[in-house]
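Notes for the one structure printed next.
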Number of protein chains: 2
Amino acid sequence: MSIETDIKQPTFRNPYHRLIVNLMFTSNWVANAQMHLLKPYDLTLQQYNVLRILRGQYPNPVKVSDITERMLDKMSNASRLVDKLVLKKLVQRTECPSDRRAVDVVITSKGLDLLKKLDVVQADYEVELNNKLTDEEALQLSQLLDRLRR
Amino acid sequence: MSIETDIKQPTFRNPYHRLIVNLMFTSNWVANAQMHLLKPYDLTLQQYNVLRILRGQYPNPVKVSDITERMLDKMSNASRLVDKLVLKKLVQRTECPSDRRAVDVVITSKGLDLLKKLDVVQADYEVELNNKLTDEEALQLSQLLDRLRR
DNA sequence: GCAAATATAATGTTATTACATTTGATGTAA
DNA sequence: TTACATCAAATGTAATAACATTATATTTGC
């Protein structure tokens, strides 16, 4: 369905106005779906993102400040997100030896196991997208989004 | 900059994985910019969206349930958003005569004036996007997003 | 070396979100 | 009509987000 039909707005001022609204609407739509996939595993989207950042560097530690920098939503509080993950024993927090201000965070094996399970769920979701856009179209869409942020 | 550089993740599993991450990152990027544009006017993005929905129907009233349906973020509480807007005298709330369960909401002239000011701000922002994507590309991007949600 | 500036994470606070529940009105079927 | 289900909005709530502030540690300029 076109964005006009989805939000019942007949016209937009120009293609950029339409794009902004469409982008936010579609992103909410995806985020919602992702949230519901994560719900049975008692993870929020942000917690999931942090875990994936940590897995990307495993077995190296990542500082809280690096997590903040790399999060999709910069404004979330990485410190408190890490708190939650520590409580669930999905990550481990240790003082950084070379800089006592910083805190090193590493994903635990429990965290890696959880991510492995979620990889399957995520792959299923990606297959659904595959039915809607070809690989080339998905790539093209990504490239246009990159250019929008330039 | 490509999404890989932006979030310092070297590779994605496939074009769909890359797309999902890119979509959320870009949407947050736009939402952040929009939020900062709205801040001097003491409006949240959601409140702004509600006002624009109401202007779209002006001078006809819109029910709270219709607002919920048409909001970009379905989960926000339209009832409480309307509350905030009533406090600022940007909208007016009256009992729907044909259905006493429902509530009619109409934008006030103060609300319309505010939106008019914001139209200028918004247009400036759209000009920035214009430097990054052509009209055709913006349209194409919108269409790909539409297809993603099909 | 030392004071000031900056960096890093944690914490405080208020508003908002994501639901669940409640209150009241309307529709529907016996 | 009278139950009973459904619908619309409001309200309760716990968690989270969006900042601002604080507490330490490090860096920089003198």
Side-chain angles (χ1 to χ4, degrees), chain A residues 24 27-29 31-50 53-54 61-88 91-106, chain B residues 24 27-29 31-50 53-54 61-88 91-106:
Chain A
M24 303 226 248
S27 165
N28 280 325
W29 180 85
N32 251 19
Q34 298 268 89
M35 248 176 48
H36 284 100
L37 292 181
L38 294 174
K39 185 147 244 188
Y41 301 88
D42 195 31
L43 270 191
T44 66
L45 199 43
Q46 304 280 24
Q47 289 170 3
Y48 183 46
N49 286 333
V50 171
I53 289 170
L54 293 175
V62 180
K63 297 192 203 326
V64 173
S65 54
D66 293 336
I67 295 174
T68 301
E69 227 180 77
R70 295 173 50 186
M71 282 200 339
L72 304 191
D73 188 343
K74 305 283 188 205
M75 279 305 122
S76 302
N77 196 323
S79 185
R80 275 194 268 238
L81 276 174
V82 169
D83 262 7
K84 298 283 161 58
L85 295 171
V86 168
L87 280 175
K88 298 181 198 175
V91 310
Q92 199 164 11
R93 183 163 42 185
T94 55
E95 192 178 81
C96 174
S98 62
D99 184 342
R100 290 203 301 150
R101 288 172 303 184
V103 168
D104 278 341
V105 184
V106 184
Chain B
M24 303 226 249
S27 165
N28 279 325
W29 182 84
N32 250 22
Q34 298 269 87
M35 251 175 46
H36 284 100
L37 292 181
L38 293 174
K39 184 144 244 192
Y41 301 89
D42 195 33
L43 270 190
T44 66
L45 200 44
Q46 304 280 25
Q47 290 169 4
Y48 182 45
N49 286 334
V50 170
I53 289 169
L54 294 175
V62 180
K63 296 192 203 325
V64 173
S65 55
D66 293 336
I67 295 175
T68 300
E69 229 180 75
R70 294 174 50 187
M71 283 200 337
L72 304 191
D73 187 343
K74 305 283 185 207
M75 279 304 120
S76 302
N77 197 321
S79 185
R80 276 195 266 237
L81 275 174
V82 169
D83 262 7
K84 298 282 160 59
L85 294 171
V86 167
L87 280 175
K88 298 181 198 175
V91 309
Q92 199 164 10
R93 184 164 41 186
T94 55
E95 193 178 80
C96 174
S98 62
D99 185 343
R100 291 203 300 149
R101 289 171 302 183
V103 168
D104 279 341
V105 184
V106 184

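Chain naming here is simple, since letters A, B, ... match the order of the sequence lines and numbering starts at 1 in each.
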*Stepwise side-chain contact (heavy atoms from CB on, under 4.5 Å) check, A:K88 with A:D42*: CA-CA 10 Å; A:K88 298 181 198 175; A:D42 195 31; 4.2 Å; yes

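- A:M71 has its side chain within reach of A:L81: a pair of non-hydrogen atoms, C-beta onward, lies under 4.5 Å apart.
- Protein atom CG of A:D42 is 9 Å distant from nucleotide atom P of D:dT16, rounded to whole Å.
- Atom NZ of B:K84 is separated from atom CG of B:N77 by 9.5 Å, given to the nearest 0.5 angstrom.
- Ion pairing between B:R93 and B:D104 fails under the 4.0 Å rule for side-chain N and carboxylate O.
- The distance from atom CD of B:Q46 to atom CZ of B:R80, rounded to the nearest 0.5 Å, is 13.5 Å.
- Going from atom CG of A:N32 over to atom C1' of C:dC19 covers 12 Å, rounded to whole Å.
- One can place CG of A:N28 at 17 Å from P of C:dT16, the figure rounded to the nearest angstrom.
- When the P atom of D:dA17 is taken as reference, atom CG of B:L45 falls 16 Å away, rounded to whole Å.
- For the side chain to side chain contact (heavy atoms under 4.5 Å, CB included) with A:V50, the qualifying choice from A:L45, A:L85, A:V62 is A:L85, the only one to do so.
- Between atom CG of residue B:L54 and atom CZ of residue B:R70 there is a gap of 8.5 Å, rounded to the nearest 0.5 Å.
- Atoms CG (B:L85) and P (D:dA9) sit 15 Å apart, rounded to a whole Å.
- If you take NZ of A:K63 and C1' of C:dA9, they are 12 Å apart, rounded to a whole angstrom.
- Residue A:K39 places at least one side-chain N or O under 4.0 Å from the OP1 or OP2 atom of C:dC19.
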Protein and nucleotides 23-28 of chain C: nitrogen or oxygen contacts under 3.5 angstrom:
from   : atom 1 : to     : atom 2 : distance (Å)
C:dT26 : OP1    : B:R100 : N      : 3.0

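- Contact between A:V64 and A:V105 at its shortest, heavy atoms only, is CG2-CG2, 4.0 Å.
- Rounded to whole Å, the distance from CE on A:M71 to P on D:dA17 is 8 Å.
- Per the geometry, CD belonging to B:E69 stands 12 Å off P belonging to D:dC7, to the nearest Å.
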*asked:* Strictly under 4.0 angstrom, non-hydrogen atoms only: write out the protein contact profile of nucleotides 10-15 of chain C, one letter per nucleotide from the 5' end, B, S or -.
replied: BBBB--

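- The phosphate of D:dA17 (OP1 or OP2) has a side-chain N or O of A:Q46 nearer than 4.0 angstrom.
- Every residue two or more places apart in sequence or in another chain was checked for a side-chain hydrogen bond (donor to acceptor under 3.5 Å, both in side chains) with A:R100, and none qualifies.
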